Structure formats: C-alpha cells, structure tokens
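All values below were derived from every heavy atom in this structure, side-chain atoms included, with hydrogens, water molecules and symmetry-related copies excluded. Naming convention: chains lettered A, B, ... in sequence-line order (proteins, then strands); numbering from 1 in each chain. Predicted, not measured: the structure shown is a model, and the values here were computed from it.
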Amino acid sequence: MSILEVNHLSVSFKQYTAGLKQSHHKVISDLNVNLEAGEILAVVGASGSGKSLLAHAILGILPANASVSGVMTYEGEELTPARQKALRGKEIALVPQSVNYLDPLMKVGKQVRTSVQTGDAVQAQRRVFERFRLGREVERMYPFQLSGGMARRTLLSTAMVSGAKVIIADEPTPGLDPVVIKEALSHFREFANQGCAVMLITHDIESALQIADKIAVFYAGTTVEIAKAEDFAGQGEAIRHPYSKALWRALPQNDFVPITGSQPHPSALPPGCLFAPRCAMATPECLQAQPEMRPLRDGMVRCIHAT
Amino acid sequence: MVTLLVAICFISFLLVKNSPIDPIQAYIGADMLKVSPEQRAKITEYWGLDQPVMMQFYHWGSAVLSGDMGTSMIYRRPVMEVIGERFTNSLALMLSAWVLSGVIGFVMGIIAAMKKGSWIDRLIKWYCFTLASTPTFWMGLLVLIVFAVWLGWFPVGMGVPAGVLAEDVTLLDRIQHLILPALTLSIVGIANVALHTREKLIDVLASDYVLFARARGKQGMVLFWRHGLRNVALPAITLQFAGFSELFGGAVLAEQVFSYPGLGQATVEAGLRGDVPLLLGIVIFTTIFVFVGNLLADISYRVLDPRTREGRKV
C-alpha cells in the first residue's frame, strides 16, 4: 500500500495583474504521484516544472495566495490541512534546497535539535552529526559559517533526527562534488531500506537513477510518466513518453541532442497535451485535450501515442 | 571622531562669529546705553575680539582642550556646570522617551506584522503614518491641552513645582513633571520603530527559514519566539540607537513647549540671547552625544549579530 498518494493535484496562484484584475496561474495541473514505503521516488524535471511546489503542497506550506485542489492521502487517510499541520516535521519531513532555509541567527546544532520529536535532543543531534561526519565544533556554528557540503548535511540531519516516515528532499545535490553526492544519496537509500519513503526532487537524472526505484518525470506542472529506474537505459527504448525520451537522449553520455523549444509558462499553457507543441509525434488529436495518465508496461504515461 | 569634532567646532565657531550676535551687547544687555565707546573698545581688546578669527578660534580651542569651556553669559556660571545640570534633566526625559518609544513601537510593529492586513494592522499603520508626519511641538501642545488643561492630570510645564523650595521637591514631583514631555517625545518616536519593525518582520515571516521552520511543524508563538524575535530585534535596536540625533532634536522642541529645564531649552536660550560659550559648548556636547549613539548602534551589531561577531574571527 502507498504511504503517500497524490491524485489529481492542481495548484494555482492568484495574482493581481493590471489594477484589480485577477489572474490565476496554474502551476501544477492534474498531478498524480504515489510513494511506497521502502522506496525512493525521484521526481525529475526541468526547473520551473513545479517540483518544489509539489513538496510544499504536500506539507501544506504554500503561500496564502495559492489554491489547491485534488486529493492527497497519507497512510490511507485523507491529508487535510489540519492533518498536514499535525504531521509535518513529525511524520513527513522536508530537506530544503539551500542554507537560506536555516535561521541565520541560530546555531545549527540548536536548529537540528528543535527537529527532534522524542528523546534526548542533544544526543540525537550529536549522533546524526557524527554519522554525517560533522565535527563537534559544527553544532556551535552559525549557518553563514558552513560550507556548501556542511550545510546540505545539516539540512539532511534535520530530517534524519525527526524520525519521519516520509522524507521529501528538494534538490539535495546541486553544488556538491560527486563523492559527497554519492554519500548523500546513500543516506537516502539507507533511510528507505529502513522502511521509510523518500521523494527525491531533482533535475539531475543521472544521480537520481543511481539510487531511485521509480522515476516520475515532470513537465510543465504535471507528471508525464512514471517509470521504473531500470527503464532508463540504452537508447531509451523502454521509456514511454516522448518528453522523458528526449530528456534521456539529451544527456551528454547518450546522444546529447537538445529538445527544441522551451517549457510553456503557467500563464500560457497549451489546450491539449502540454508537450504537444514540442513533440515530434504530435498529431491533431493531441491538441484536443490533455491526455489522462494511463498504465502502460508496468508504469504510467500521459500520452496517447505511447506504446 | 577627533576630525569630526574639530570640524564641527570650527564650523559652528565661524557661524556664530558671522551671525549678527554682538557678544558685548549680549553680555551687557540693557545697560548697553551706559557703556561708552571707549569702554566698549576696552572690552573688545580684553576679550581679544579685535584679533583675527583664526586666533580667536585658537584661543577658544586651546581653552576647551584644557577643559575650560568658558563661562555662560546668561547663567553666569561655567558652561560645563550648566550643561551638566541641564543634561541630567534632559537625560531623564530622553531616556524614558527612548525606552518607551522603543518598546511600544517594537511591540506595535510586531502585532501589525503578525496580523498583517487585519483591522489592527491598518489601525497601527494609520496611526504611525499620522504620527510620522506630526511635528513634535504640535504634538506637545496637543498633549498639553488634553492632559494638563482639560483633564488637569499633570502640571502644565517646568521641571519642578513652582513656589516650592528646592529641598522640598520630591522625586514624585519630578516624575510628574516629566511624564508629559516624555509622553510627547515617545508618541512621536514610536512611528519610526513600529513601521520599521513591521516591514522587517513581514520579510522574516516570508523568508525561507521561517517556511522551513513551518515545514518542521513549528507554528504560532514558538515560531515567532525562536525565529522571528531575534531577527527583528537586531535592526530595531540599531535604529533606536541611531535615532539619538532625532531624539535630541525632538527634545529641543518638547522642552520648549513644556518649559522643561533641559539641555534643549538651554540651547534655544543660548541661541536667542547670544550666549556664545554656552552655545558652542552644547554643540560639542551634542556632537559627542549623537556620535556615541551611532557608535553604540555599531557596537550592538558587533555584539548581537553573530554574522559580524564571528565573521571577524574567521
């Protein structure tokens, strides 16, 4: 059974354009993602595809001008705003993007301790720092004194000590050298092996593939494909959606062919399939309506032509 | 600091020198008619007023350096003594106004930011904008009319009750006389701190680290206490220290309105009645006062903000 299920999630932002005229920007539309216990799901997509917002939507920390529709369930029960409030930090933890997410005026050791839910906070913090090879002196440092790698490990620590069952990691790897990336990712693997679930939000497909079980490919605020990590291999024959295929082929070690065009802006989404304007396989049918997610070869795809 | 002081002294010396104040007339006052031109020339010579301006400045400057700021012409007492006495009075006034406006303004700013967009936020904002554009002396008059004249709760002016011997003046009397001017000063001072704190706290609440704190299940007062307060208090404290100059400017007006015998009132008197030594003495003194305020603001940052404190060690 899925520990976390997101069905038909849409997020839109209300914005005032000229004067009092309001406009709604749909940044996430009809999104489906499942997270199983003991599994790492990598959510990959270009920047601006709504990956971080998905994380914030699950935790219920979107800004006030956002409106959310769709159903999210956690352990089979609906995730209402009240439940989100009760669960976040305890059952669901976030590993944020950058050191800016730490309070600049508080020592990092203390900040990690405030995440501890049960037991001796100081002990828990020291144990996790030791595990991440952060010296004793680090706990007395302020965020501005940390190096990039130390900051990432500190942010990771806040999630680790919380004892959460679900960790949502938002771009945990950029700016790190390959060795540290590997190490950070192995912590996630270890965490998943303990029976927890990890949602790894990233634009780095390569590292994601090293540890993820499943890959959810994001495009313009929705999932276009959910596939097993093994499907991303060779020439990408097993990949279902043309966008995921193109993404795979764009990698340097594959064909290194860029995709023409760019992702549509939330204010100007095409009426039919969101990828149709850039898709080589597009037919007039694709422009009619946004295709539904459908199961295909043990995965899911949002394309009428996929085989 | 030394350069600043010398420059300020020199400029004010020149200003006073070139002003239409005649020190001899100011000194002698109404008896001027009885002084013959010969006597006048003698005084001029005795005081060295016939020497070049630079020489005069040099004489005055070296006297100041040796600790002698001259004798006040209106009070007939050494300038240092007058400033010392007046400043003690002013200090009580300014300090209470400083603390009051700081605390009230800070709290108001926080309330406004926490309830951003609500009626209370709008009320506080409206109040601050009105006050920020209110002249101190007008506010003083208003306070005087309401509390002293209509309600009769507090005395109309002065630092101590009239017609009471100095020995019989109690601390309570002094406090009673202090309340209205202090109130006026702090009411005007609140707006600055409150608006600044409000803006800053809104920024902090929208910051990534508060978002992350919320993602970790923190909320309400705990969230504010842990992550909001410290981040907001720093700029507020700095602002308060840096506001020493405004505080002094406000005190001059408020003391005038309330005939409160402080340094501000002495400044006005010295200026109007041509008391050059006192005026120059006050200029030096206020320069130091404002400088110390700014210095304290800088130091407070060093001490309170780990980014500058620890940053120097690295």
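The local environment of NZ in B:Lys200 is sparse, with at most 12 non-hydrogen atoms from other residues, nucleotides or ligands closer than 6.0 Å. Heavy atoms of other residues, nucleotides or ligands lying less than 6.0 angstrom from CD of A:Glu130 number 12 at most. More than 12 non-hydrogen atoms from other residues, nucleotides or ligands lie less than 6.0 angstrom from CZ of A:Arg131.
Heavy atoms only, all atoms of each residue included: B:Arg230 and A:Leu105 are closest at NH1-O, 3.1 Å. Closest approach of B:Asp208 and A:Tyr101 over heavy atoms only: O-CD2, 3.2 Å. Listed here is the closest heavy atom pair of B:Arg214 and A:Leu62: NH2-O, 4.5 Å.
Distance check, rounded to the nearest 0.5 Å: CG of A:Leu59 to CG of B:Leu211 gives 9.0 Å. Separation of atoms CZ (B:Phe212) and OG1 (A:Thr158) is listed at 3.5 Å; rounding is to 0.5 Å.
Side-chain atoms of B:Arg226 and A:Asp103, non-hydrogen and from C-beta on, never get closer than 4.5 Å to each other.
By number of non-hydrogen pairs under 4.5 angstrom with chain B, the leading residue of A:Gln111, A:Met141, A:Lys90 is A:Gln111. Note on A:Pro104, A:Ala93, A:Ala159: by heavy-atom pairs under 4.5 Å with chain B, the leading option is A:Pro104.
When heavy atoms are compared at a cutoff of 4.5 Å, A:Thr114 approaches chain B by way of both its backbone and its side chain.
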